[in-house]
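What follows is one structure encoded as structure tokens, with my remarks underneath.
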Amino acid sequence: MQFLEGLNDAQRKAAITTEGPLLIVAGAGAGKTKTIVHRMCHLIENGVAPSAILAVTFTNKAAKEMRERVSMQVEQIPAALREGTIPFVSTFHSLGVFLLRKFGAYDGTVKRFTILDDADTMSLIKESLQYFGLDPKQNEPRSIRSLISRSANALLTPEKLLGESNPHYRIAGQVWKRYASLKKEQKSLDFDDLLLETVKLLEENKTVRDWCHDTWQYIHIDEYQDTNEVQYRIARALAGERKNLCVVGDSDQSIYSWRGANIKNILEFEHDYPEATVVLLEENYRSTKTVIAAANEIVTKNKYRTPKALFTNNADGELISVYAAYDENDEAKFIVERCIEQIDSGVAPDDIAILFRTNFQSRAIEEAFLSYNIPYQVLGVRFFERREVKDVLSYIRAAQNPDSLVDIKRIINTPVRGIGKVTIANLFTHGKESLSGKALISVKNFFELLERIRDFSELHAVSETIKYIIVESGMQRAYQEDKVDGEERLENLEELVTLGLRYDHFDGTDGLEKLLEDATLMSDQDNLDKETSNGKQGVKLMTIHAAKGLEFGTVFVTGLEHGLFPHERDSKLTGADAEEERRLMYVAVTRARKKLYLTYASMRTIFGMRDVRLPSEFLMDVPDEYIERESRSGEAGFGKGFGGDFTVFL
């Protein structure tokens, strides 16, 4: 019984409920990983062979952490009981690879296969387009790949897309059939196939199914709220008639519907398994009472959730600081100044996180950290290192200097305009005279585009030139059609336009040259990288999505404005999807252990347009008793409440 020690009553109940379906609803910071680990060890301690236990999670990082914790705990069990091994801990994709290597993909015919990475996948999509004589300029390969992936994970077929009235869907269905044929010929699988072929194996092959049921008698699925249709069916198939299926998750932290996650999987678990036991883990071990109270107030507004209320025995802690900034630059300066205060008071820089809804918000914040010389790290890609931003800067440089080969190479086929690698090689080796036909026409059109950009830039402001490049290059259309990350890339480009306003007062092309100079210097952070290379010295900047699963002593949640957070796309959604922004806010707030800051701007410049902003409804959800309003030194005080008495600067 040693593995039940140190568990609270709810965790203990989850650990000892070993037979039949079990739903563990684990609130933020409620010790779900500890509970899963101790449950598996309790099974082993009571005679279950470690090899009979399977645990599946989503990320390699989570699987590695769980495997290490299980391994450490299992060592305390007598060797005679634990067989010298540990449970099978894996991601969904790694589990798929294991089963497909053992039993074979493509109806069991292929056991040795190649796993395609993103570049390989895009190459085959383009090859499939060319097979049908379709122009990649008119049919953006990444957009088609995205549609195929979403359809596959919803267990649709190419025939389903071919029957749609939308011509883009029909083309995707046509390409999908060819793409699938090419993969099979080459004995290769993409990431989606690793799951799709696995669910086919489990549902259609009794031998495989029986082997899994004989091998793994106790199944654990972590982050169940993030499962899509394919993963849901894999879990159901693995459970079999024994139904020893333990799923762990939190409907309040379901924030990935945009990549196929279905919150209904966790909300309807009791419908799927009427005999299921449900355990609520509601005691939070991470945050202060104040933070938890605010989080509860925010998330209880949602209807599509498993009712629960987090509580903690931690201290009340500090009040939540709210700052109404004049604009995004004022917001960034406030954040940096408070970070300096925190660091001076003994808080480690790596225990501070700045969270934002969308990546473009990082630009002003990064700039402020650089100007104050505060070490920081962006989890993801820094603003000027983002692909789409670098592409626009390359267009500017190439237009000003057509001999800049590095920039020409970067953008000559970005977005796709039918200029292949052979054409590019001939162009740089032998010049335009070596080209003919469509290749020559495409290259000429590209260089004419650069000339138009150069001519436009001589007569227009920097921000207008950036807008012109985004539209005329085809980037805007390409990203509008890209349903995976096109929206985010467009937002980053809009932020680049906003940054361009700062250089509009320069004469001629001087503003463009100054922008390029500043961008280059701002990206050159060698000293900063040295200071933060061990991953523990810099303040962390990241999106809220990237912060899920992490925790920090001090957290800033920024950009809390209507239309930004909640995002404007939220107004177009219905049902549980419409509540996802509120769940995202709940995730953001519960990252904080001790101190939480909430900030918003009364004015924000987006795509070069300066707009008056209204505070987010999420701010209004937090009762005044948990809030203290802050001002920067020398700034005027701000409104008393968010129910109608707040300051908007004009």
Side-chain angles (χ1 to χ4, degrees), residues 28 286-288 290-291 294-295 298 317-372 374-380 382-383 532 537-548 550-561 564-566 584-602 604 613 615-616 618-619 621-622 626-633 635 638 642:
R286 175 188 301 159
S287 307
T288 64
T290 299
V291 170
I298 290 165
E318 298 182 53
L319 292 175
I320 298 168
S321 294
V322 175
Y323 181 65
Y326 171 65
D327 60 13
E328 65 269 25
N329 296 315
D330 182 38
E331 178 185 50
K333 289 176 182 176
F334 170 81
I335 290 168
V336 172
E337 289 170 0
R338 291 301 180 270
C339 284
I340 292 172
E341 290 179 4
Q342 290 279 320
I343 294 169
D344 286 347
S345 69
V347 176
D350 64 295
D351 202 24
I352 302 173
I354 319 299
L355 307 184
F356 32 82
R357 174 62 181 83
T358 55
N359 270 310
F360 84 84
Q361 294 172 250
S362 76
R363 197 271 305 168
I365 300 171
E366 287 184 65
E367 206 168 77
F369 272 93
L370 285 168
S371 65
Y372 280 77
I374 302 299
Y376 73 95
Q377 291 179 310
V378 181
L379 271 68
R382 293 189 177 97
F383 182 77
T532 62
Q537 298 301 314
V539 176
K540 304 296 187 286
L541 278 63
M542 70 190 84
T543 64
I544 301 167
H545 284 97
K548 187 172 179 292
L550 303 178
E551 60 180 73
F552 302 90
T554 300
V555 169
F556 293 78
V557 183
T558 67
L560 280 161
E561 300 143 31
L564 183 56
F565 191 23
L584 193 60
M585 179 63 179
Y586 172 80
V587 168
V589 167
T590 54
R591 298 311 93 195
R593 292 197 306 271
K594 297 179 180 178
K595 180 64 180 177
L596 177 64
Y597 292 88
L598 307 177
T599 68
Y600 73 96
S602 295
R604 191 176 294 272
R613 314 292 294 181
S616 167
F618 301 149
L619 286 166
D621 292 336
V622 183
Y626 302 127
I627 286 176
E628 62 177 352
R629 287 166 182 79
E630 297 214 17
S631 63
R632 291 180 59 216
S633 177
E635 299 287 350
F638 305 124
F642 296 104

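Here the straight-line distance linking atom CD1 of Ile335 with atom CD1 of Ile374 works out to 13.0 Å at 0.5 Å rounding. Here the CD1 atom belonging to Ile627 is positioned 7.0 Å from the CG atom belonging to Leu598, to the nearest 0.5 angstrom. Rounding to the nearest 0.5 Å places OH of Tyr372 at 6.0 Å from NZ of Lys333. The line from OG of Ser362 to CG of Leu541 is 6.5 Å long, rounded to the nearest 0.5 Å. Atoms CG and CZ, on Leu564 and Arg613 in that order, are 6.0 Å from each other to the nearest 0.5 Å. For the atom pair Arg632 CZ and Asp330 CG, the distance stands at 5.0 Å (nearest 0.5 Å).
Aromatic pair Tyr597/Tyr323: ring centres not closer than 6.0 Å.
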task: Verify side chain to side chain contact (heavy atoms under 4.5 Å, CB included) between Tyr376 and Cys339, making sure each step is shown before the conclusion.
output: CA-CA 11 Å; Tyr376 73 95; Cys339 284; over 6 Å; no
task: Check the pair Glu366 / Arg363 against salt bridge (Lys or Arg N to Asp or Glu O under 4.0 Å), numbers first and verdict last.
output: CA-CA 5 Å; Glu366 287 184 65; Arg363 197 271 305 168; over 6 Å; no
message: Set out, in order, the CA-CA distance, both residues' side-chain angles and the distance that settles side chain to side chain contact (heavy atoms under 4.5 Å, CB included) for Arg591 and Ile544, then state yes or no.
response: CA-CA 9 Å; Arg591 298 311 93 195; Ile544 301 167; over 6 Å; no
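For the pair Arg338 and Ile352, the minimum side-chain heavy-atom distance is 4.5 Å or more. Side-chain contact between Thr554 and Phe552 is absent, with no heavy-atom pair separated by less than 4.5 Å. Leu550 is listed as a side-chain neighbour of Met542, based on a closest heavy-atom distance under 4.5 Å.
Of the residues Glu630, Glu328, Glu331, the one that meets the side-chain contact (heavy atoms from CB on, under 4.5 Å) test with Thr599 is Glu331.
Remark: the backbone N or O of Phe356 is not paired with any side-chain donor or acceptor of Thr543 at under 3.5 angstrom. Judged by distance alone, with hydrogens and angles left aside, the side-chain atoms of Gln361 form a donor-acceptor pair with the main-chain N or O of Thr358 at under 3.5 Å. The backbone N or O of Ala592 lies less than 3.5 Å from no partner atom in the side chain of Lys594, so there is not a single donor-acceptor pair. Using a distance-only test at 3.5 Å, with no hydrogens or angles considered, a donor-acceptor pair links the side chain of Arg286 to the main chain of Thr590. A donor-acceptor pair under 3.5 Å is absent between the side-chain atoms of Arg357 and the main chain of Pro566, judged by distance alone. Between the side chain of Thr290 and the backbone N or O of Tyr626 there is no donor-acceptor pair closer than 3.5 Å. Checking side-chain atoms of Glu561 against main-chain N and O of Ala601 turns up a donor-acceptor pair under 3.5 Å.
When every heavy atom of Phe565 is checked against every heavy atom of Val557, the shortest pair comes out as CE2-CG1, 4.2 Å. Closest of all the heavy-atom pairs between Ala588 and Val555 is O-CG1, 4.1 Å. Between Gly553 and Asp351, the shortest heavy-atom distance links the atoms N-OD1, 2.8 Å. Ala28 and Tyr586 get closest at one heavy-atom pair: N-OH, 3.8 Å. The minimum heavy-atom distance between Ala332 and Ala364, with the atom names listed, is CB-O, 3.5 Å. The two residues Ile354 and Ile365 make their nearest non-hydrogen contact at CG2-CD1, 3.9 Å.
Dense packing is recorded around NZ of Lys595, with more than 12 heavy atoms of other residues, nucleotides or ligands lying under 6.0 Å away.
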